[in-house]
Each structure stands twice: as structure tokens, then as C-alpha cells.
Amino acid sequence: MSITCWICGKESNSREHIIKKSNIIRVYGKGPYKGENALIHVKNGNMKVVQGPDSKKVKYEFSLCHECNTTFTQPFDIAYDNFISFIYENEQEILRKRFVNFSDVYGEDFEEGQRNLYKYFAKSFGCRLYDAGSSVPQDICSLLKKKSFITGLRINFSVNEDILILPNKIRDGFIGKGDLLVWLDKTVKTEINGYTWNEHVS
Ligand SMILES: [Zn+2]
């Protein structure tokens, strides 16, 4: 049985990074990560050595087709990279003000930039659900191709104060994704009616 791309339904032949390659390279360089530069990925309490930013250990199993994971979603990845770069470069000011103005991040095209950033998180979440064996909600699949949409996906940004007190040198290397939590229906206890998930950078 072939595995299908959760975005378009074609045969899946591409792996999405769990930890975004650009985030790994920003902090750890292009690798290989050896000796003093050895990199450890911790998943469900298990530690694995990662030798480079393209290691299979930081990728999901096949869940997308090549087209969906490259050309189609590239603008989303770029919007995310620009956002994270902006956060790194303006960290002190953001921490003081506690808001991000997307026109500062994306300039005049902020409408498209913030929509593409939203779609990056939708893709990231879809890959996580698919990896967990859950179907990806239809509104998440379909919004990726739309300019305006209605969806149940809500995205919040927050500052993790417990991590913030660590020196940059240590916390900049904390890049990862949290546990996927499932919310069950109050009456039909076997029915899933929501998920909560997070990803963190520094
Ligand atoms: Zn596809």
C-alpha cells in the first residue's frame, strides 16, 4: 500500500523536517555535528545523535509528495524563516513590548506574509497529526490553497519565561515540538474534538 500525501492525495515520496532545517543551521551550523559539536535529539525521553541537519532523525516518515513539500509550500517556509529571523534580531524589543507587528516583519506585503506564516503552522500541524496516525481536518488541508478561509485552527504566540531566564547560548539551542494533546468530547468519550500542540524556538 502506498502512502499518500495528506495535502493533495498523490503518492507520498517526501519527508518533512520535524525540526526545521533552517532553525537547526541557524544555531548549530551546517554540520556534520561531531565531537564537541555533537547534537542530540530527544524524543519521548530517548536521546539520539543527529549528525547533520538532513538526518532522518529530524524528519517525519513520508507524508507529503515532492511537489507539496517543495514548490507549493516554499512560500510558507520562507515566511516562517523571515519571522524567526525577525524574532532573533529583535528579541529584546519584542520581550519588552510583548507584541509583534507583522508589517515590521514583512513590510508592505504583510497580509500575504502573515497568511503564509499561518499556513506554515497549518502544514506543520498537519504533518504532526498525520505522523500520529490521525486524519488531518479538512479545513486545514483546504486552507493551504486559499486566500481567505474559515478554520478551527487557532495560533497563539507566547514567551516561555522559565526558558527565558537561561543564557542565550543555552536556550538558543532549544528547538523542538511539544506533545500532541487530544481533547475528547464530554459526552462521547471516544470522539476527538480538538488538539493542542506547540513548537518552541529558543
Ligand atoms: Zn502533495
Side-chain angles (χ1 to χ4, degrees), residues 1-26 30-31 41 43-44 48 50-85 102 105-106 109-157 175-183 191-201:
M1 191 189 84
S2 68
I3 298 162
T4 56
C5 167
W6 67 262
I7 294 177
C8 73
K10 286 184 198 151
E11 190 180 343
S12 163
N13 53 8
S14 185
R15 292 163 177 261
E16 168 74 342
H17 273 81
I18 303 170
I19 313 286
K20 204 162 182 313
K21 186 177 176 180
S22 55
N23 279 343
I24 298 172
I25 291 174
R26 181 182 289 110
K30 288 183 176 171
H41 180 227
K43 187 177 180 183
N44 299 331
K48 284 183 179 157
V50 174
Q51 294 187 325
D54 272 319
S55 165
K56 279 185 187 171
K57 287 164 193 159
V58 289
K59 287 181 178 178
Y60 291 114
E61 294 296 323
F62 292 113
S63 65
L64 296 170
C65 70
H66 183 71
E67 164 72 16
C68 285
N69 204 18
T70 55
T71 318
F72 175 56
T73 55
Q74 195 180 41
F76 316 160
D77 289 336
I78 291 171
Y80 174 83
D81 287 341
N82 289 341
F83 176 68
I84 296 296
S85 294
F102 283 112
V105 183
Y106 300 114
D109 285 337
F110 71 89
E111 184 193 327
E112 192 178 5
Q114 69 184 38
R115 182 167 51 238
N116 282 339
L117 176 66
Y118 190 96
K119 289 179 179 182
Y120 166 81
F121 287 115
K123 177 196 180 192
S124 177
F125 180 52
C127 286
R128 179 66 183 95
L129 286 177
Y130 196 88
D131 186 65
S134 298
S135 58
V136 182
Q138 192 50 46
D139 59 314
I140 304 234
C141 294
S142 60
L143 73 82
L144 297 172
K145 294 189 174 74
K146 292 179 181 170
K147 207 171 173 183
S148 67
F149 44 82
I150 295 171
T151 169
L153 177 63
R154 298 289 175 267
I155 299 171
N156 299 296
F157 296 102
I175 306 162
K177 310 213 165 178
D179 290 332
L180 177 67
L181 305 178
V182 167
W183 299 91
E191 202 155 295
I192 296 170
N193 68 5
Y195 299 93
T196 302
W197 192 47
N198 72 78
E199 39 186 280
H200 54 268
V201 174

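Source: prediction; values computed, not measured. Counting starts at 1 for both ligands and their atoms, in listed order. Residues: numbered from 1 along the sequence shown.
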Please list, one pair per line, the donor and acceptor atoms closer than 3.5 Å that link side chains of residues 126-136 to other protein atoms, with sequence neighbours excluded.
unit_1 : atom_1 : unit_2 : atom_2 : d
Y130   : OH     : T4     : O      : 2.6

**Prompt:** Around the Zn ion (ligand 1), how many protein N, O or S atoms are there at under 2.8 Å?
**Reply:** 4
**Side chain to side chain, R15 and E61, heavy atoms closer than 4.5 Å** = yes
**Item:** Aromatic ring pairing F83/F121, orientation class (parallel under 30°, perpendicular over 60°, tilted between)
**Value:** perpendicular
**Prompt:** Backbone N or O of H41 within a donor-acceptor pair of the K48 side chain at under 3.5 Å?
**Reply:** no
**Asked** Given N69, which of S63, S14, S12 fulfils the side-chain hydrogen bond (donor to acceptor under 3.5 Å, both in side chains) condition?
**Response** S14
**Prompt:** Hey, is CG on L181 packed in by over 12 heavy atoms from elsewhere, all under 6.0 Å?
**Reply:** yes
